[in-house]
Amino acid sequence: MGRRDEAAEVRRLLSVGRLLTLTGPGGVGKTRLAGHVARQVARVFPDGVWLVPLAALRDEAFVPHAVIDALGVRSESVRPPLEVLVEYLRERRLLIVLDNCEHLLRSCAVLAAAVLSATEGVRILATSRHRLGPAGERLFEVPPLSAPAPDEFARGALAAERFPALRLFADRAAAVVPGFTLGDGNQQAVARLCRRLDGLPLAIELAAVRVRALGVEQLVERLDDRYQLLTGGSPASAPRHRTLRSAVDWSHELCTPQEQLVWAWLSVFVGGFDLTAAEAVCGGEGLGEADVLDAVAGLVDKSVLVREEYGGQVRYRLLVSLRDYGLEKLEDLGEVTVTRRRHRDHFARLAGEYERNWFGPDQAEITERLRLDRDNVRAALDFCLTTPGEAQHGLRMASSLWFHWVAGGIWGQGRHFMDGALRAGARPDVALTRAMWAGALMSLVHTRSAAVLAGTETPRSTADRELSVPSPPPVPAGSFGPGRARTTTASFIVLTRVELACTLVSRGRPQEAVPLCVEAIALCEAHGEQWARGWALRTLALAYWSAGDYERAAEHARACLRLPYTTQQAQSLARTLDLLAAAEALALAGAAERAGVLRGAVDRIWRDIGGNPVETLQPGRLRIAERHARRALGDAAYERAHRRGGGLSMDEAVAFALGEVPEPSVIRPAGSAPDEVPLTRREMQVAALIAQGRTNRQIADNLVIAQRTAEGHVERILVKLGFANRSQVAAWFSTRRPEEG
């Protein structure tokens, strides 16, 4: 890292104030310093440290949504997102890192002021080229990396050990020229180069890549020439943003014309993207797929693109400063709108494809793809809402993602885009009807199921018996390719059956609900579908519970828990465990303690994701499982069982519910399969060295890689495993079988 003093000062400022903004020009290392400090202070915040990347956002209204997403809060309502966020944070002690705020200053300032005024245990660490502005904000200007002056070299001593600018250059150069080292023969030249680049990390990294083609002395000479041209010979006239601009200009000039063009086109992506997406946006106009691949590979070699791996799939991204530069070049070409339209068209095609395939065996894969591409999906929708004549495309795209908004528990986000498209002039269509129908249907199922379990629904009059199955909304012709099953219509038939069954249960007619659920489950099984099957199984369990057949109710609730999709979705898991608790409280003698533990697990899950959206319907009313468990155990014993359940992880809660021995939750990240190893072979090697207590420098030496490369591996391991510190990685690795390491 090389910023020990700066990190210590940032920690001090964060301890005495609740809003600290790291400022400085692009490329100075604000994001890296914020991440480094966040990991150091993680243990101080019992509710965690949460990074919120904002570089991808363009719509100021979406800042609260981005924070909610990062925290894992799930809001199925259409309440204002800032209101949902403040309520979630009110009793928590955590740190929020808002990264890259400079283009969203107003929204970030409003959010920070609202959160900090309504909470006591929340702190905010922001990175921005400019201050946010709320009262109480403290500032820390991130300095450049230090490099030695000529008179600071001691004979025979290696300056790289004491100056982080030199160490960074050496690491980056060694990554492209194996065996490159700093010594008496070249360290003064490298120091001069780092001083010329004002110690800006990004500029140093871009220059170091050139060592592959030029010697250090040649590199310095070329840079000196550019520096004289830039400043007119006066160092006082070279502010750091111009220095970075010069370094980026130089990198751009050294790219081939094809690479320059692809760089500009790729700047419309936000967050990461895969090669297929790059080909869709950059293909055509004389460039074939092979040409795009060559250009992408060249930009990776020149450190313009960052290459990353997720689940064995390669993705790429542009650093913020390099993306901004690419957008400038795209504007010079006059191709911003047409390129963003190609970007929109690609993700709109994916949305349509995902909708057609949703009712089938690919749901988990579709969910993960949408998670990785969420920033690009938002950007595509933002383009539609802010570009004249594009609103109808935005409405169609947002509506086709109904399953994403509904199944992911982020219906408020979907409504944000659909309502925005309507305000921008889009006309309501069949796609919107389908989306609104699905959202309303699931809302009815939620509220009626909750009301039944709370014991608040009573049988209605005989007039209510005139119920019929509502028809699913129509699917427009041409929505499906030749030979494909009309899986979207199967999907809506299942949801209709589930809603009608739930309505029958809530009106005291559970026996009539059973065949509807059985039919829906059979249809789901025939298509290999899990999400709607989970709803059907839960509703079937609810029907048996309402009919007094508690053992069958528990049996079907457990069947729902065995669906991987259920256990990977916190809301679905909480609802299923709640129903199982109610069934077991009445089905099994002596099961009151189990019911108390399950209720504790349910309440913990809802707390972690922002609360049960339907609890507000009957505030303060005890649910049936709790009433029976308290009556059997007494208040003190029930509270002990409830606290025990509140201490379980999601995986442990599922294991407990199914009567299995839970594995320690530290051995794998939440949501991964028991035998899944989410790390690459190289990352497993790094994890093994972390378990041995090695530092990043020692890891780099052991594996003969650059220290920055080792740091990148460590950061990706933390992200993939969902951990906050190295000790968790060490514990995770130590529990693995020898053949897995």
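Note: hydrogens, waters and symmetry copies are ignored here, and every other heavy atom, side chains too, is used.
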Could you tell me which non-hydrogen atom of [X] sits nearest to which non-hydrogen atom of [Y], and how far apart they are?
X	Y	result
His416	Ala61	CE1-CB, 3.9 Å
Pro64	Pro81	CB-CB, 3.9 Å
Ala657	Glu584	O-OE2, 4.5 Å
Ala398	Leu381	N-CD2, 3.8 Å
Leu523	Ala490	CD2-O, 4.0 Å
Met418	Ala435	SD-CB, 3.8 Å

Tell me if a side-chain donor or acceptor on [X] pairs with a main-chain N or O of [Y] at a distance below 3.5 Å.
X	Y	result
Glu652	Ser649	yes
Thr576	Ser572	yes
Thr539	Ala536	no
Arg533	Glu529	yes
Gln392	Ala426	no
Arg323	Ser267	yes
Asn376	Val270	yes
Thr567	Pro564	yes
Arg58	Ala55	yes
Trp606	Ala601	no

Gln313, CD atom: more than 12 neighbouring heavy atoms under 6.0 Å:
no
Under 6.0 Å from the CD atom of Glu83, do we count more than 12 heavy atoms belonging to anything else shown?
yes
Quick one: do [X] and [Y] make a salt bridge, cutoff under 4.0 Å?
X	Y	result
Asp373	Arg315	yes
Arg599	Asp603	yes
Asp608	Arg604	yes
Glu368	Arg371	yes

From [atom1] ([X]) to [atom2] ([Y]), nearest 0.5 Å:
X	Y	atom1	atom2	result
Cys560	Gln530	SG	CD	10.0 Å
Cys384	Arg344	SG	CZ	4.5 Å
Arg415	Leu422	CZ	CG	8.5 Å
Thr386	Asp59	OG1	CG	8.5 Å
Phe383	Asp345	CZ	CG	8.5 Å
Leu577	Met650	CG	CE	9.0 Å

Dump the intermediate steps for salt bridge (charged side-chain N to carboxylate O under 4.0 Å, His left out) on Glu555 and Arg552, then the final yes or no.
CA-CA 5 Å; Glu555 173 189 337; Arg552 278 196 183 181; 5.6 Å; no
Would Glu309 and Arg307 count as a salt bridge (charged side-chain N to carboxylate O under 4.0 Å, His left out) if you check the C-alpha gap in whole Å, the side-chain angles of each, and the deciding distance to 0.1 Å?
CA-CA 7 Å; Glu309 284 192 31; Arg307 179 186 184 277; 3.4 Å; yes
Between [X] and [Y], is any pair of side-chain heavy atoms under 4.5 Å apart?
X	Y	answer
Asp69	Ile410	yes
Phe269	Leu318	no
Asp429	Leu395	yes
Leu275	Val314	no
Leu85	Ile68	yes
Leu563	Leu537	yes
Val377	Met397	yes
Asp99	Leu54	no

Angle between ring planes, His343 versus Phe347, binned at 30° and 60°: parallel, tilted or perpendicular?
tilted
Over 60° means perpendicular and under 30° means parallel, so classify the ring planes of Tyr544 and His556, tilted if in between.
parallel
Does the pair Leu350 and His346 meet the rule for a side chain to side chain contact (heavy atoms under 4.5 Å, CB included), with working shown?
CA-CA 6 Å; Leu350 284 182; His346 172 69; 3.6 Å; yes
Taking the six-membered ring of Trp265 as reference, does the cationic atom of Arg342 (NZ for Lys, CZ for Arg) lie under 6.0 Å from its centre and within 45° of its axis?
yes
With a cut-off of under 6.0 Å to the ring centre and 45° to the axis, is Arg538 in cation-pi contact with Trp535?
yes
Can the ring centres of Phe359 and Trp531 be said to be less than 6.0 Å apart?
no
Val494 vs Cys524, test: side chain to side chain contact (heavy atoms under 4.5 Å, CB included). Steps then yes/no.
CA-CA 8 Å; Val494 169; Cys524 291; 3.8 Å; yes
Let's go through Val67 and Phe62 carefully: what are the C-alpha distance in whole Å and the side-chain angles of both, what is the deciding distance for side chain to side chain contact (heavy atoms under 4.5 Å, CB included) to 0.1 Å, and is it a yes or a no?
CA-CA 9 Å; Val67 181; Phe62 222 84; over 6 Å; no
Evaluate Arg317 against Glu308 for salt bridge (charged side-chain N to carboxylate O under 4.0 Å, His left out), listing each step before the verdict.
CA-CA 8 Å; Arg317 65 180 172 87; Glu308 300 171 323; 2.7 Å; yes
Kindly determine whether Arg369 and Glu365 satisfy salt bridge (charged side-chain N to carboxylate O under 4.0 Å, His left out), including the steps that lead there.
CA-CA 6 Å; Arg369 287 183 181 178; Glu365 181 181 354; 2.5 Å; yes
Where do Leu71 and Leu89 land on the side chain to side chain contact (heavy atoms under 4.5 Å, CB included) test, with the steps shown first?
CA-CA 10 Å; Leu71 290 169; Leu89 294 173; 4.0 Å; yes
Test item: side-chain donor near acceptor, Glu355 and Trp402, under 3.5 Å
yes
For Gln363 and Thr367, does a side-chain donor sit closer than 3.5 Å to a side-chain acceptor?
no
